[in-house]
K.L.:
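To start, I am sharing the structure in question, which I have written as structure tokens.
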Amino acid sequence: MDDLTPNEEKTTSLNFIESIIEKDIQNHKNEGRVQTRFPPEPNGYLHIGHAKSICLNFGLAQRFNGKCNLRFDDTNPVKEDVEYVDSMMEDVRWLGFEWYGDVHYASDYFDQLYAWAEKMIIKGSAYVDDQTSEQIASQKGTPTLAGQASPYRNRTSAENLDLFRRMKNGEFKDGEKILRAKVDMASPNMHMRDPIMYRIIHKEHHRTGNKWCIYPMYDFTHGQSDYLEGITHSVCTLEFEVHRPLYNWYLDQLIDTEYRPQQIEFARLNLSYTVMSKRKLLELVQNKQVNGWDDPRMPTVCGMRRRGYTAEAIRAFADRIGVAKRDNVIDVSLLEFCVREDLNKKADRLMTVLDPVKLVIENYPAGKIEQVSLENNPEDESRGSREMPFGRELFIERSDFMEDAPKKFFRLTVGGEVRLKGAYIIKAEKLVKDANGTITEIHCSYDAESRSGSGTEASQRKVKATIHWVEASHAVPIEVRLYDRLFNNEDPGGQNEDFKNYLNPDSLQVLNGCLAEPAIRDLKTQDRVQFQRQGYFCVDLDSKPEHIIFNRTVTLKDEWAKINAKE
RNA sequence: UGACCCAUGGUGUAAUGGUAGCACUUCUGAUUUUGGUUCAGCCAGUUAAGGUUCGAAUCCUUAUGGGUCAACCA
């Protein structure tokens, strides 16, 4: 596992899971051993909610000198695929974690689980049921009404064993028979009403091929898998709370050791302005409302990676949101804060003009080009500086000029002065407009004595604002993709209407006429930079040298946008 | 009209019977050749009612509110 940055040093206060573990260690439970696991089902892509779980499980192992396994919970061949296995391993590693030993699969334990099932049949705590799923459901009762026993509940062990073996041998079709645990049809906990242990699925499994046509259910698999791997603390989300009695019941039936894994539940992550369920994310992909699982608007790990999020930022986020049992909705602004905090220190600055308007410096010699020096990162002197061409014709951001500016507008107006970052102070003199009245050129004069860093008195002059620019003849055209929140409702999944009704129609904005300084050509795919005064961006996967494409990871905080919005 | 879980500023999370703290957000100000960063500060909280206790966010009771559970999914 990689080192924690200073930011990720744990505080002294413990979350409730850490408190449990600390107590267990003090009591020498399991010889003081700590082993956790991250157990995804390989049926989709990992999202920021999984990232919370990954950081939690691997983080607990780090903190308590334990181990953390990676285990694929692959008990349902109908839903699972190797494609997902590979992407999940990639995502876990990208987040900065390495699992202990080999990757594990629940399917590694199919033989042992089968043997345990036979053991339960022999001792009379499991039976084969011939009924349809509808019949079984109708006997299940309701949370307020006890269930009724299956007519097959009292088959002899011998008969059950024979039938179960024939199930395994492929003598029955899907759904014809199942194996159930004999627990308590009157339990107030629905999961204890003779839960299904094995079902018949004639489907090739991504790892075991056609060896099996019966597959164990989650409940009959998870606790035993934990046990077999020596997991001490089996951390899962709250909806498995009602499964815990069954988790423990199966272990009680099957094992006799003092060692016993303990299931602990925590509240899953919810993020404002997005959805987190695999089903809903899949729907967005299938309906082409996003461009695949790694669309930078998706809360998937691969989507966030493509957008330019760093693993450090995601880990810092996971750390700050904490772990507890109450339902929560984390404000997406915390995530944005974490990525800005990280990128502010790491990302070199670059000048790009997203919505260019031409600026002509009338008293600057035509044809002259001089080089000005700019520091790469004011937060990190070791990043050095670079040269950038300056000349008579430049492009500046259209929004940095206003004809009828309110008093709080600090940028360029006719008769007003601003500094061109790293270069000279200019004063706007007159405008050139087209037939529609749109400004096509801003003509200005410059103060030749004011060059940045020249040390002259004029260079020390204070002006209200400093704006970014690019020299016209050296400008590099780029495409920039701006992303906004995917939904315009804080909790799109929690409304009465379909969550897709709350999709933000402006979540993706593709800008094609953007211009960048020449240094932009040095960047490689996925490199992250700050576009001066605008935000953090990264080179998109689709970018090519002849067609450079950037994704906006997150904007800078923007005081003027706030003031402007209030008008 | 069951069982189980949960309840601290707008959001999230601490305080483990003894001064309700931290972070994000909002807002104010200082610094700034990024309206960024940094720094300083303001506003703002224990769901309610009883009880135990010298003392309760914390323990107990009840109420209220929220969540989970009736897949041959995980």
Side-chain angles (χ1 to χ4, degrees), chain A residues 11-16 19 39-41 43 73-76 78-80 106 129 132-133 136-137 140-147 174-180 187-191 193 196-201 214-215 217-219 221-222 236-245 265 267 272 278 320-338 340-341 344-345 349 351 374-375 378-379 408-411 418-423 425 452-453 459-468 530-535 555-564:
Chain A
T11 50
T12 46
S13 76
L14 303 179
N15 67 44
F16 81 101
S19 303
E41 183 189 16
N43 70 342
D73 224 332
D74 55 351
T75 58
N76 187 353
V78 175
K79 290 185 158 188
E80 295 145 10
D129 196 326
T132 64
S133 59
I136 291 171
K140 197 131 197 182
T142 68
T144 54
L145 189 76
D174 286 10
E176 242 174 62
K177 289 190 168 26
I178 54 156
L179 183 71
R180 299 176 75 177
S187 171
N189 183 339
M190 299 296 286
H191 294 276
R193 321 247 262 225
I196 292 168
M197 293 165 61
Y198 267 92
R199 73 288 212 200
I200 300 169
I201 304 175
I214 58 171
Y215 292 93
M217 297 287 288
Y218 165 84
D219 286 306
T221 305
H222 204 91
C236 62
T237 48
L238 242 31
E239 66 269 27
F240 290 97
E241 205 153 26
V242 281
H243 293 244
R244 184 167 8 109
E265 311 86 12
S272 62
K278 273 187 203 168
R320 281 169 191 261
I321 59 177
V323 178
K325 292 189 75 163
R326 72 182 97 143
D327 294 327
N328 61 82
V329 182
I330 308 289
D331 198 324
V332 70
S333 64
L334 179 61
L335 217 208
E336 293 176 345
F337 168 83
C338 291
R340 282 192 193 107
E341 183 186 44
N344 178 46
K345 293 173 302 193
R349 274 56 168 169
M351 299 241 251
L374 286 155
E375 55 186 342
E379 305 296 312
K408 286 196 172 170
F409 184 80
F410 301 156
R411 282 111 92 150
V418 296
R419 174 175 289 282
L420 295 174
K421 174 85 181 167
I425 294 173
S452 291
S459 74
Q460 318 274 6
R461 275 172 57 207
K462 299 287 175 200
V463 287
K464 274 269 190 173
T466 299
I467 64 172
H468 59 275
Q530 183 194 108
F531 287 176
Q532 197 81 234
R533 299 208 300 136
Q534 316 208 70
T555 62
L556 253 31
K557 278 169 74 179
D558 189 348
E559 197 68 22
W560 168 243
K562 274 184 205 162
I563 296 166
N564 213 10

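Predicted model, so just to flag it, every value in this text is computed and none were measured. First the proteins, then the strands, lettered A, B, ... as listed; each starts at 1. All values below were derived from every heavy atom in this structure, side-chain atoms included, with hydrogens, water molecules and symmetry-related copies excluded.
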K.L.:
With a 3.5 Å limit on both atom pairs, tell me what B:A40 is paired to, counting Watson-Crick and G-U wobble, or say none.
P.N.:
B:U28

K.L.:
Can you check whether any acceptor in the base of B:A71 is under 3.5 Å from a donor in the side chain of A:H191, or vice versa?
P.N.:
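Looking at the base of B:A71, it does not pair with any donor or acceptor on the side chain of A:H191 (distance under 3.5 Å).
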
K.L.:
Tell me which nucleotide among B:A74, B:G2, B:G36 gets nearest to the side chain of A:P188.
P.N.:
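The listed nucleotide nearest to A:P188's side chain is B:G2.
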
K.L.:
Look at A:N76 and B:C73 and indicate whether a side-chain polar atom (N or O) is within less than 4.0 Å of OP1 or OP2.
P.N.:
yes

K.L.:
In terms of side-chain heavy atoms of A:T142, which of B:U1, B:A70, B:U34 is nearest?
P.N.:
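Looking only at side-chain atoms, A:T142 lies closest to B:A70.
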
K.L.:
Distance check needed: B:U68 P versus A:N328 CG, whole Å only.
P.N.:
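Going from CG in A:N328 over to P in B:U68 covers 13 Å.
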
K.L.:
Please give, in whole Å, the distance from B:C69 P to A:E241 CD?
P.N.:
11 Å

K.L.:
Please tell me which of the listed nucleotides, B:C4, B:A14, B:G12, lies nearest to the side chain of A:I330?
P.N.:
B:G12

K.L.:
Which listed nucleotide (B:A14, B:A74, B:C24) is nearest to the side chain of A:M217?
P.N.:
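Closest nucleotide among those given: B:A74.
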
K.L.:
Is a donor-acceptor pair below 3.5 Å formed from side chain A:R326 to base B:U13, judging by atom type as modelled?
P.N.:
no

K.L.:
If you check the A:K421 side chain, which of B:G67, B:U33, B:G36 turns out closest?
P.N.:
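That would be B:U33.
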
K.L.:
Any carboxylate oxygen within less than 4.0 angstrom of a Lys/Arg side-chain nitrogen, looking at A:R244 and A:E265?
P.N.:
yes

K.L.:
Looking at B:G12, does its base get a donor-acceptor pair with the side chain of A:R320 below 3.5 Å?
P.N.:
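Side chain to base: no pair present.
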
K.L.:
Out of B:C4, B:G35, B:U33, which nucleotide sits closest to the side chain of A:S452?
P.N.:
B:U33

K.L.:
Does the aromatic ring of A:W560 sit over the six-membered base ring of B:G35, closer than 5.5 Å centre to centre and tilted less than 30°?
P.N.:
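It does: the two rings, one from A:W560 and one from B:G35, meet the stacking criterion.
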
K.L.:
Of A:E559 and A:P143, whose closest RNA chain B nucleotide lies nearer the 5' terminus?
P.N.:
A:P143

K.L.:
Is the distance from OP1 or OP2 of B:U37 to the nearest side-chain N or O of A:R349 less than 4.0 Å?
P.N.:
no

K.L.:
Verify the contact: side-chain N or O of A:K408 to OP1 or OP2 of B:G35, cut-off strictly under 4.0 Å; return yes or no.
P.N.:
no

K.L.:
In whole angstrom, what separates A:F410's CZ from B:G36's P?
P.N.:
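Value for this atom pair: 10 Å.
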
K.L.:
Below 3.5 Å, does any donor atom in the side chain of A:R533 face an acceptor in the base of B:U34, or the other way round?
P.N.:
no

K.L.:
Rounded to the nearest Å, what distance is computed from the NZ atom of residue A:K140 to the P atom of nucleotide B:C72?
P.N.:
6 Å

K.L.:
Determine whether a donor-acceptor pair (one donor, one acceptor, N or O, separation below 3.5 Å) exists between the side chain of A:E379 and the base of B:G36.
P.N.:
yes

K.L.:
Does B:A74 have OP1 or OP2 under 4.0 Å away from a side-chain N or O of A:T75?
P.N.:
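Yes, such a contact exists.
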
K.L.:
Side chains of A:R533 and A:T466: do they bring a donor and an acceptor to under 3.5 Å?
P.N.:
no

K.L.:
Output the rounded distance in Å from CD1 (A:I201) to P (B:C73).
P.N.:
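That distance rounds to 6 Å.
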
K.L.:
Check the phosphate of B:U26 against A:K562, side-chain N and O only, distance under 4.0 Å to OP1 or OP2. Yes or no?
P.N.:
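Answer yes for this pair, as a side-chain N or O of A:K562 is under 4.0 Å from OP1 or OP2.
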
K.L.:
Can you tell which of B:U68, B:U34, B:C24 lies closest to the side chain of A:V242?
P.N.:
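Between B:U68, B:U34, B:C24, the one nearest the side chain of A:V242 would be B:U68.
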
